[in-house]
Amino acid sequence: MEQVNRRDLPDVFPFALFAALWLSGLIFVVAAALTGRNLVAGDAARRPVQVILGTVVALSMGVFWAVLFLDQQPCFLGVPNCD
């Protein structure tokens, strides 16, 4: 989407931004999946620290991704001088 909307700007692709978005999304999915697996299997009583830590990591990565995405949304849409 950004490549289409930034045709007249120089070809500087923000690799660090997209790497951060992909990595935070991956960490969120892994943490949520592991926490969900522990909850479904009934291991929450035996491993409460793991469930709490997984929940905290998943929530923090989800919030980080949302804040970063919303902060960069004007840049994705091609607004000049958005940084």
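By convention here, the first residue in the shown sequence is residue 1.
- Every residue meeting the side-chain contact (heavy atoms from CB on, under 4.5 Å) condition with Pro74, not counting sequence neighbours, appears here in chain and number order: Val79, Cys82.
- Cluster annotation: Phe18 and Phe15 are assigned to the same hydrophobic cluster (Ile/Leu/Val/Met/Phe/Trp/Tyr, side-chain heavy-atom contacts under 4.5 Å, transitive).
- Pairs of residues two or more places apart, or lying in two chains, that qualify as salt bridge (Lys or Arg N to Asp or Glu O under 4.0 Å) and include a residue from residues 44-60 are Asp43-Arg46.
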Name each donor-acceptor pair under 3.5 Å that joins a side chain in residues 19-39 to protein atoms two or more places apart or in another chain, with its distance.
from: Ser24; atom 1: OG; to: Ala20; atom 2: O; distance (Å): 2.9
from: Ser24; atom 1: OG; to: Leu21; atom 2: O; distance (Å): 3.2
from: Thr35; atom 1: OG1; to: Ala31; atom 2: O; distance (Å): 2.8

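- Within the structure, every pair that satisfies the ring pair (Phe, Tyr, Trp, His ring centres under 6.0 Å) test and touches residues 35-66, not counting sequence neighbours, is listed here: Trp65-Phe69.
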